[in-house]
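Everything below concerns the one structure shown next.
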Amino acid sequence: MSLISLKGKPLGQVTLLTAILTLLSPSASAWASLKSSPEPTLIAQEYACPPYSGGSQFVAAETPNFYIYICGGDLPNTYVGVAKNPQTGGIILPLQSFNNDQFVAVNGNVRYTLTRNQLIVTRQGRVIVRERANWLF
């Protein structure tokens, strides 16, 4: 995974959507399809969960600026957030906790909380992102 920053602040374990596509589908046609598709969510869903997470996708959600996927094997274990702006990037983190309606992943002092209604990202307890979320399944 590569380290990138958002507005000059490091995000930790970060990977770009292109890296996900490259790792899981080395063909350039997958990336071209994603960029040109009128429904990128459906294409992105095929490639969002990393192989080491267990192969199951428990939740796919969309906010105005992100696609979020909760992945795992028998149980959810991985949070994948992909920015709709490919230059912003994305993040893959282990889940810290979950229940039927809430998933929490932590990266240092940044906490990602996905509920059925919203995505909340906090840094040191202060909200830095709050967006309405729609669960696609």
Side-chain angles (χ1 to χ4, degrees):
M1 291 186 207
S2 63
L3 292 177
I4 65 167
S5 63
L6 176 63
K7 296 182 182 175
K9 297 186 173 146
L11 295 177
Q13 296 177 336
V14 178
T15 183
L16 299 173
L17 180 56
T18 53
I20 293 170
L21 289 173
T22 301
L23 288 172
L24 301 178
S25 176
S27 74
S29 64
W31 177 244
S33 296
L34 179 61
K35 289 176 71 175
S36 64
S37 171
E39 296 184 42
T41 305
L42 297 176
I43 293 170
Q45 287 175 13
E46 292 178 32
Y47 302 101
C49 291
Y52 59 81
S53 70
S56 296
Q57 191 173 80
F58 290 86
V59 172
E62 181 177 9
T63 75
N65 293 298
F66 301 95
Y67 298 110
I68 298 104
Y69 306 95
I70 303 299
C71 307
D74 293 334
L75 296 171
N77 60 35
T78 304
Y79 173 98
V80 178
V82 180
K84 290 182 179 179
N85 173 353
Q87 294 173 348
T88 301
I91 192 160
I92 298 174
L93 295 167
L95 285 177
Q96 182 181 56
S97 65
F98 66 90
N99 62 39
N100 290 339
D101 296 319
Q102 178 174 297
F103 300 89
V104 178
V106 176
N107 183 27
N109 61 4
V110 179
R111 174 182 292 267
Y112 301 81
T113 304
L114 176 66
T115 70
R116 288 194 176 271
N117 301 316
Q118 63 185 343
L119 169 66
I120 303 168
V121 181
T122 58
R123 180 179 287 124
Q124 295 179 335
R126 187 174 183 179
V127 175
I128 58 173
V129 173
R130 182 185 304 264
E131 294 188 3
R132 186 178 49 109
N134 295 313
W135 284 21
L136 305 173
F137 65 87

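The first residue in the sequence is number 1, and the count goes up from there. Here the structure is a predicted model, which means the values were calculated and not measured.
Between F103 and F98, the ring planes lie parallel to each other; the angle is under 30°, not in the 30° to 60° tilted range.
Between Y79 atom OH and N107 atom CG the span is 11.0 Å, to the nearest 0.5 Å. Rounded to the nearest 0.5 angstrom, R116 CZ and N134 CG are separated by 11.5 Å. Remark: Q124 CD to R111 CZ distance equals 13.0 Å, nearest 0.5 Å.
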Item to check | side chain to side chain contact (heavy atoms under 4.5 Å, CB included) between N65 and N85, intermediate numbers included | outcome: CA-CA 7 Å; N65 293 298; N85 173 353; over 6 Å; no
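C49 and S53 make their closest contact through CB-OG, 3.9 Å (heavy atoms, listed as atom of the first residue, atom of the second, distance). Looking at every heavy atom in both residues, A48 comes nearest to Y69 through CB-CD1, 3.2 Å. Here the closest heavy-atom approach between residue F58 and residue G73 is recorded as CZ-O, 3.4 Å. Looking at every heavy atom in both residues, A83 comes nearest to F66 through CA-CD2, 3.6 Å.
I91 places a side-chain heavy atom less than 4.5 Å from the side chain of Y112. Contact of the T113 side chain with the V104 side chain is registered, since non-hydrogen atoms from C-beta on lie closer than 4.5 Å. Side chains of T78 and I92 form a contact here, defined as non-hydrogen atoms less than 4.5 Å apart. The side-chain heavy atoms of R123 and N109, taken from C-beta on, include a pair separated by under 4.5 Å. Considering only heavy atoms from C-beta on, V106 stays 4.5 Å or farther from L93 through its side chain.
Remark: N100 engages no residue in a side chain to side chain donor-acceptor pair (under 3.5 Å) (not counting sequence neighbours). Among residues two or more places apart in sequence or in another chain, the side chain to side chain donor-acceptor pair (under 3.5 Å) test is passed with T63 by E131.
Following chains of ILVMFWY side-chain contacts shorter than 4.5 Å, one can reach L75 starting from L95, so the two form part of one hydrophobic cluster. I70 and I120 are not part of a single hydrophobic cluster, where members link through side-chain heavy atoms under 4.5 Å apart.
Crowding of N99 atom CG: a count of heavy atoms from other residues, nucleotides or ligands under 6.0 Å exceeding 12.
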